[in-house]
Colleague: 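After the structure tokens below, expect a handful of questions from me.
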Amino acid sequence: MEPTPHKTSQSVEQQLSRYLIETEAILTQPFDQPFVDNLKRYSQGFWKGLFTWYDHSLIPRTNNDLELFIKGIKRKHCRITGLRQWNRYIQRYGELIVFVENAIQAPNLMARLQAVNYRDYHKEWECWHNRIQEHRKHLRFKKNPQQYLQQLEDRWLSD
């Protein structure tokens with residue numbers, strides 16, 4: 001299903017435009033002018049990307065929905081690991097976290113996994129492995145710098 005822009009009988013853009021016009025008409029006193037100017041400038045600064053959202057069950061409708069989704073994932077991770085920070089988890093799995101979250105709830109998970117071509121899986125695995133390689137080096141160095149440097153020197157000398 002392709003995401004499609006959501007249409008309503010009266011769009012959010014039209015509602016906000018009308019609100020700004022009404023606000024400007026009502027607040028006519030000189031001391032109201034800084035507020036009205038600021039409100040218009042602020043809303044116009046976001047105008048282009050403010051009014052698009054999609055009717056698709058996997059795309060959160062608002063930034064608040066997205067933040068709640070991420071907070072839920074973080075809460076589950078913290079409950080499982082007992083750790084409040086999840087920086088390493090995000091560095092390791094990155095954008096794949098949302099796929100795991102959705103896959104766990106999918107009723108046809110096994111059928112979907114079995115339908116994946118091995119070459120496609122291996123290609124994605126290599127991309128993921130290459131992406132986290134730098135992170136793994138940092139962790140190994142942090143854990144035991146002398147051992148890491150010694151292994152690095154040995155590898156250079158053997159080449």
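Computed over heavy atoms, backbone and side chain alike; hydrogens, waters and symmetry mates excluded.
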Colleague: Which one of Arg131, His129, Lys137 satisfies the side-chain hydrogen bond (donor to acceptor under 3.5 Å, both in side chains) criterion with Gln133?
Modeller: His129
Colleague: Output the distance between atom CD (Glu124) and atom SG (Cys127), rounded to the nearest 0.5 Å.
Modeller: 5.5 Å
Colleague: Starting at CG of Asp37, measure out to CD of Glu24 and round the result to the nearest 0.5 Å.
Modeller: 8.0 Å
Colleague: Anything under 30° is parallel, anything over 60° is perpendicular, the rest tilted; go ahead and classify Tyr121 against Tyr118.
Modeller: tilted
Colleague: NZ of Lys76 to CH2 of Trp86: how many Å apart, nearest 0.5 Å?
Modeller: 11.5 Å
Colleague: As an exercise, state the distance from CD of Gln44 to CG of Leu39, rounded to the nearest 0.5 Å.
Modeller: 9.5 Å
Colleague: Are Leu16 and Leu27 connected, step by step, through hydrophobic side chains (Ile, Leu, Val, Met, Phe, Trp, Tyr) whose heavy atoms are closer than 4.5 Å?
Modeller: yes
Colleague: Are Ile26 and Phe35 co-members of a hydrophobic cluster defined by side-chain heavy atoms under 4.5 Å apart?
Modeller: yes
Colleague: Tell me if the CD atom of Gln33 is crowded by more than 12 foreign heavy atoms within 6.0 Å.
Modeller: yes
Colleague: Please indicate whether Gln146 has more than 12 foreign heavy atoms, meaning atoms of other residues, nucleotides or ligands, lying under 6.0 Å from its CD.
Modeller: no
Colleague: Just to verify, which of Gln151, Lys143, Gln150 counts as forming a side-chain contact (heavy atoms from CB on, under 4.5 Å) with Gln147?
Modeller: Gln151
Colleague: Would you say Tyr19 and Val36 are hydrophobically clustered, going by side-chain heavy atoms of ILVMFWY under 4.5 Å?
Modeller: yes
Colleague: Tell me whether Ser43 contacts the main-chain N or O of Lys40 through its side chain, where contact means a donor paired with an acceptor under 3.5 Å.
Modeller: yes
Colleague: From Lys71 NZ over to Asn64 CG, what is the distance, rounded to the nearest 0.5 angstrom?
Modeller: 11.5 Å
Colleague: Is there a path of hydrophobic side-chain contacts, each under 4.5 Å between heavy atoms of I, L, V, M, F, W or Y residues, that connects Leu139 with Ile132?
Modeller: no
Colleague: Measure the CG-CD1 distance between Leu68 and Ile73 for me, rounded to the nearest 0.5 Å.
Modeller: 11.5 Å
Colleague: Transitively linked via ILVMFWY side-chain contacts under 4.5 Å: Leu83 with Ile80?
Modeller: no
